[in-house]
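All remarks here apply to the structure that follows.
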Amino acid sequence: MLTINFLREHPAAVIERLKIKNFDATQIVAHVLDLDRRRRELQSEGDAIQAELNNLSREIGSMMKDGRKEEAEDAKKGIGKLKERQKQLSDAFDAASGEMQNEIIRLPNIPHPRVAPGKSAEDNVVVRGGGRIPELYPGAVPHWDLIKKYDIIDFELGIKITGAGFPVYKGKGAKLQRALINFFLDEGEKGGYREIEPPIVVNEDSGFGTGQLPDKEGQMYHVGIDNLYMIPTAEVPITNIYRDVILEAADLPIRNMGYTPCFRREAGSWGAHVRGLNRLHQFDKVEIVQIAHPERSYDSLEEMVNHVESLLKKLDLPYRIVRLCGGDMSFTSAMTYDFEVYSAAQQRWLEVSSTSNFESFQANRLKCRFREKGAKQTTLCHTLNGSALALPRIVASLLENNQTPEGIRIPEALIPYTGFELIS
RNA sequence: GGAGAAAUGGCAGAGUGGUCGAUUGCGGCGGUCUUGAAAACCGUUGUCCGGGCGACUGGACCGGGGGUUCGAAUCCCUCUUUCUCCGCCA
């Protein structure tokens, strides 16, 4: 959520820069500024009346104390009218601020100046890449065949127990999950991240804080009886640790990470593209989150990008890093890098991480602020997060790229975690 | 799940209808003293929204929401959370 102060001070710039996201903000901004003006007028008038009422009450108080009963009764006479007017004003104020809030919430985050314009993924900028795309042997097959062949992931069983998109990992398949999770967490710890094990259902306030609510409730599983949401990513609970918190500048940046299962309804997105592990309702992910000083948040972003890249290097996967263009970026992001690994049998790039700087967009919803040492006023923090990493597509590409006639080779770095070198 | 008690500033903890944004202690910050530090003493110390170039100034906030009243931290309703006891239990 953009701050009203920023909108008030730079309306033209907001409109201009949101064009990069293909968003025409002209009407909303005009409407917001209008409501803001109205809201302030109403508040001034309402405050004046409240001040008058407060004074009257105080006077009546001292009259009663002195036993001047009649005088007090006299003073009460004008109050009804004032209160009536006050009620009108406060209703109008509530309406104006509520509407203003609803309008502001519709504005996406402003992209960083370095974000390229563009309509879709085609316009994303490949920043760099690494690894080697393997030559597969003639009998090579996609991962959905491999998992059956070696009986390591079972979709049918998942359908029986739960439904489509809830795979059951078995034997070495299950152990591979655990190995990857531990590997990612250990690497994160080396990178300075504190491990968090958060709840995997959250309340409405948390959903609002990170921007899932009110817009994207269709994406989340909702536990109706308790009004809780199953998290689509650990970003939600881990970032919400800092909701309504005022930090010291010296504490920044704060680095946290957590492994959680993630739940996504993915309504209406099933089809040929999303076969096998490419898209699931439940999957495992290690997420890294930073709370940063606004002047240094892009250093944090770079640090996070380098961290994610190091994971892909260690897993020996062919990857590329793309900076998303305006049209492909999420509503809440100011700058996003996607990481893709090449899945050799499917012959496509699969997104395995999205690492973003949200600047103050989430922090404003969260009311996550910091104070410079000795300063009186608070400033919004910047929040960032990134997958490090999401498992299913890593597994898909790992299985496909490393298949041999003898079985699937486990990357060197992972062997200490799996305890086996080959899935056969 | 049942019964009872409670929720106040960073923390502890007063305050049961009238000048209370709130006594006090601790902590924090600044100062005096000291070569320096500690102790002692003095001062200061919340968040948010308005108005003003500014000095400054109006308003809101005592778990959330609603109500009674000229006036609510204080009374009433409701929700949430915590604690104690009972029940159940990884």
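Quick note on labels: first sequence line is chain A, next is B, and so on, each numbered from 1. No hydrogens, no waters, no symmetry mates; every other heavy atom, side chains included, goes into these values.
For the pair A/Arg8 and A/Asp36, the minimum side-chain heavy-atom distance is below 4.5 Å.
Under a 4.0 Å N-O distance rule, the pair A/Arg194/A/Glu189 does not qualify as a salt bridge. Using a cutoff of 4.0 Å between basic side-chain nitrogens and carboxylate oxygens, A/Lys81 and A/Glu84 are not scored as salt-bridged.
B/U74 and B/U23 have their C1' atoms separated by 16 Å, with the value rounded to a whole Å. B/U24 and B/A38 have their C1' atoms separated by 25 Å, with the value rounded to a whole Å. Comparing B/C62 with B/U8, their P atoms sit 12 Å apart, to the nearest whole Å. If you take atom C1' in B/C89 and the same atom in B/G4, they sit 23 Å apart, rounded to whole Å. A gap of 16 Å separates the C1' atoms of B/G31 and B/A39, to the nearest Å. Rounded to a whole angstrom, the distance from the C1' atom of B/G46 to that of B/G71 is 25 Å. A distance of about 30 Å separates the P atoms of B/U44 and B/C53, rounded to the whole Å. B/C48 and B/G10 have their P atoms separated by 12 Å, with the value rounded to a whole Å.
A residue-by-residue look at A/Ala51 and A/Thr378 shows that A/Thr378 has its nearest nucleotide of RNA chain B further toward the 5' end.
With hydrogens and angles left out, the side-chain atoms of A/His281 and A/Tyr221 include a donor and acceptor closer than 3.5 Å. Residues A/Tyr229 and A/Glu204 bring no donor and acceptor atom of their side chains to less than 3.5 Å of each other. With no hydrogens or angles considered, no side-chain donor-acceptor pair links A/Lys172 and A/Thr418 at under 3.5 Å. Side-chain contact of A/Ser354 with A/Asp338: a donor-acceptor pair under 3.5 Å is present, judged by distance alone.
In this structure, A/Arg243 places its CZ atom 17 Å from C1' of B/U47, rounding to the nearest Å. A/Gln50 places its CD atom 15 Å from the C1' atom of B/G21, with the value rounded to the nearest Å. The CG atom of A/Leu42 sits 17 Å away from the P atom of B/A60 (whole-angstrom rounding). Atom-to-atom, CD of A/Glu52 to P of B/G59 comes out at 11 Å; the value is rounded to the nearest Å. Here the P atom of nucleotide B/G58 and the CG atom of A/Leu82 are 18 Å apart, to the nearest Å. What separates CG of A/Asp244 from P of B/G64 is a distance of 12 Å, to the nearest Å.
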Practice task
Given side chain to side chain contact (heavy atoms under 4.5 Å, CB included), test A/Leu301 with A/Tyr337 step by step and report yes or no.
Solution key: CA-CA 9 Å; A/Leu301 183 61; A/Tyr337 289 93; 3.7 Å; yes
Problem - side chain to side chain contact (heavy atoms under 4.5 Å, CB included) between A/Asn240 and A/Val202, intermediate numbers included - result: CA-CA 10 Å; A/Asn240 269 283; A/Val202 295; over 6 Å; no
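Within residues 361-371 of chain A, the residues having any heavy atom under 4.0 Å from RNA chain B are, by residue number, A/Arg369, A/Arg371.
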Within the sub-3.5 Å range, which N or O atoms of nucleotides 49-53 of chain B have a protein N or O partner, and how far apart are they?
| unit_1 | atom_1 | unit_2 | atom_2 | d |
| --- | --- | --- | --- | --- |
| B/C49 | O2' | A/Gln43 | OE1 | 2.5 |
| B/C49 | O2' | A/Gln43 | NE2 | 3.4 |
| B/C49 | O2 | A/Gln43 | NE2 | 2.6 |
| B/G50 | OP1 | A/Arg8 | NH2 | 3.0 |
| B/G50 | OP1 | A/Arg39 | NH2 | 2.7 |
| B/G50 | O4' | A/Gln43 | OE1 | 3.4 |
| B/G50 | O4' | A/Gln43 | NE2 | 3.4 |
| B/G50 | O2' | A/Ser44 | OG | 3.0 |
| B/G51 | OP1 | A/Arg40 | NE | 2.9 |
| B/G51 | OP1 | A/Arg40 | NH2 | 2.9 |

N/O contacts under 3.5 Å, protein versus nucleotides 69-72 of chain B?
| unit_1 | atom_1 | unit_2 | atom_2 | d |
| --- | --- | --- | --- | --- |
| B/C70 | O2' | A/Ser57 | OG | 3.1 |
| B/G71 | OP1 | A/Lys83 | NZ | 2.5 |
| B/G71 | O4' | A/Ser57 | OG | 3.3 |

Show the distances under 3.5 angstrom between N or O atoms of the protein and N or O atoms of nucleotides 7-12 of chain B.
none

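In this structure a side-chain-to-backbone donor-acceptor pair under 3.5 Å is missing from A/Glu287 to A/Ala234.
Here A/Ala25 pairs with A/Ile15, A/Leu18, A/Phe23, A/Val29, A/Leu107 under the side chain to side chain contact (heavy atoms under 4.5 Å, CB included) rule; sequence neighbours left out. Listed by chain and number, the residues in a salt bridge (charged side-chain N to carboxylate O under 4.0 Å, His left out) with A/Asp186 amount to none (sequence neighbours excluded).
With a 3.5 Å ceiling on both atom-pair distances, B/A55 lacks any Watson-Crick or G-U wobble partner. Using Watson-Crick or G-U wobble geometry with both donor-acceptor distances under 3.5 Å, B/A40 finds its partner in B/U32. Nucleotide B/G17: unpaired (no Watson-Crick or G-U wobble partner with both distances less than 3.5 Å). Checking B/U47 for Watson-Crick or G-U wobble geometry (two distances, each under 3.5 Å) identifies B/A60 as its partner. When both pairing distances are held under 3.5 Å, B/A7 makes a Watson-Crick or G-U pair with B/U80. Across all strands shown, B/G71 forms no Watson-Crick or G-U wobble pair with both key distances under 3.5 Å. As the counterpart of B/C89, no nucleotide is assigned, since no Watson-Crick or G-U wobble pattern has both distances under 3.5 Å. Checking B/A22 for Watson-Crick or G-U wobble geometry (two distances, each under 3.5 Å) identifies no partner in any strand.
Rounding to the nearest 0.5 angstrom, the gap separating the CG atom in A/Asp226 from the CG atom in A/Asn203 is 11.5 Å.
By the 6.0 Å and 45° rule, A/Lys175 does not stack over the aromatic ring of A/Phe420. Taking the ring centre of A/Phe208 as origin, the terminal cationic atom of A/Arg365 falls inside the region bounded by 6.0 Å and 45° from the ring axis.
Remark: A/Asn54 is in phosphate contact with B/A60, judged by side-chain N or O atoms under 4.0 Å from OP1 or OP2.
The residue A/Ser62 sits close to a base: some heavy atom pair falls under 4.0 Å.
Between A/Phe361 and A/Phe331, the ring planes lie perpendicular to each other; the angle is over 60°, past the 30° to 60° tilted range.
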